[in-house]
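Just follow the structure's listing: the first ligand is 1, and inside any ligand the first atom is 1.
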Amino acid sequence: MEKRIAVLVSGGGTNLQALIDAEKSGIIKNGKISLVISNVAGAYALERAARASIKTETVLKKELGSQQAFEEKIISLLSENKIDLIVLAGFMSILSEDFTRTYPHRIINVHPSLIPSFCGKGFYGLHVHEAALAKGVKVTGATVHFVNEIPDGGEIILQKAVEIKEGDTPEVLQKRVMVEAEWNILPEAVSLFCQDRLKTENNTVHIGE
Ligand code: GAR
């Protein structure tokens, strides 16, 4: 059966757009983006979803009063919409262990570095690229991984390396990592999941036929 996908977003939503485009062009096999949830009111990602006629919801922690109420609301939306796969695509809120344990190997995240470099608490968005440039690494990239209770600590599904060039700014590097890595490996990983081709064993994800 076709898998129903929810995408959780907080901002511009270029990774969401890559998923929408990949579904349209048939790169995502056996999956349908059925719901987009934002934790930021008015996030541009919501407009991208609406333009593609995808149902949207906004869930605000401030309005709900606690992390627990925030997560309970998200869980009830996921369950009402019969979601099989949860994709974090620029979702800038850390989910609790209770939440991640509810969906073992059913949540995936895209992170803009080669994990285990430049990841974990505090490493998100542009900060990741600032840290890579400050360290002077010559190669960076992006990682798609399963989400567990450790921030950026779940099993790695796909990675792609991206060259750092002389004179890169964090913004220039962020764009190159998106174009060359994130927008390709995220749809690819989603498609593999939807076809039941991801098998995890001893902390390693194997890609099956
Ligand atoms: C992307 O680069 C994504 O990898 C990163 O934020 C950006 C969101 O852009 N996510 C993280 O840093 C998560 N730790 P988008 O809203 O245009 O997809």
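Ligand 1 has F123 within reach: a non-hydrogen atom of the residue lies less than 4.0 Å from it. For the pair A45 and ligand 1, no heavy-atom separation below 4.0 Å is found.
Counting only non-hydrogen atoms, the option in P112, P151, A43 that gets closest to atom 11 (C) of ligand 1 is P112.
Among I37, N39, V9, the one residue that satisfies the side chain to side chain contact (heavy atoms under 4.5 Å, CB included) test with F91 is N39.
The single protein non-hydrogen atom nearest to atom 12 (O) of ligand 1 is G125 N, 2.8 Å, given as residue, atom name and distance. Atom 14 (N) of ligand 1 has H111 ND1, 3.4 Å as its closest protein atom, hydrogens excluded (heavy atom only). Of all protein heavy atoms, the one closest to atom 8 (C) of ligand 1 is G90 CA, 3.6 Å. Atom 13 (C) of ligand 1 has its closest protein heavy atom at V110 O, 4.0 Å. Scanning the protein heavy atoms around atom 9 (O) of ligand 1, the nearest turns out to be M178 CE, 3.4 Å. Considering only non-hydrogen protein atoms, atom 6 (O) of ligand 1 sits nearest to M92 CE, 3.2 Å.
For the pair G13 and ligand 1, the shortest N or O to N or O distance falls below 3.5 Å. In terms of polar-atom proximity, T14 is counted as a contact of ligand 1, with an N or O under 3.5 Å from an N or O of the ligand. Where the criterion is an N or O separation shorter than 3.5 Å, residue side chain and backbone included, H129 fails it with respect to ligand 1.
Of the N and O atoms on the side chains of S96 and Q67, not one donor lies less than 3.5 Å from an acceptor on the other residue. Counted by atom type alone, K160 and N184 present zero donor-acceptor pairs between their side chains at under 3.5 Å.
One N or O on the side chain of R106 and one on the backbone of D84 form a donor-acceptor pair closer than 3.5 Å. S113 places a side-chain N or O within 3.5 Å of a backbone atom of F118 that can act as its donor or acceptor partner.
Atoms of ligand 1 lying under 4.0 Å from any heavy atom of G12, numbered from 1 in the order shown and given with element: 16 (O). With ligand atoms numbered from 1 in the order given, ligand 1 contributes 12 (O), 14 (N) to contacts under 4.0 Å with heavy atoms of Y124. For ligand 1, the atoms closer than 4.0 angstrom to any heavy atom of E182 are 1 (C), 2 (O), 3 (C), 4 (O).
Environment of CD in Q68: sparse, with no more than 12 heavy atoms of neighbouring residues, nucleotides or ligands closer than 6.0 Å.
The aromatic rings of H127 and Y124 sit perpendicular to each other, their planes meeting at more than 60°, with 30° as the lower class boundary.
Across all non-hydrogen atoms, the minimal contact from R197 to E209 is NE-C, 3.6 Å. The minimum heavy-atom distance linking E182 with P112 is given by the pair OE2-CB, 3.5 Å.
Residues V110 and L88 fail the side-chain proximity criterion, which asks for heavy atoms closer than 4.5 Å.
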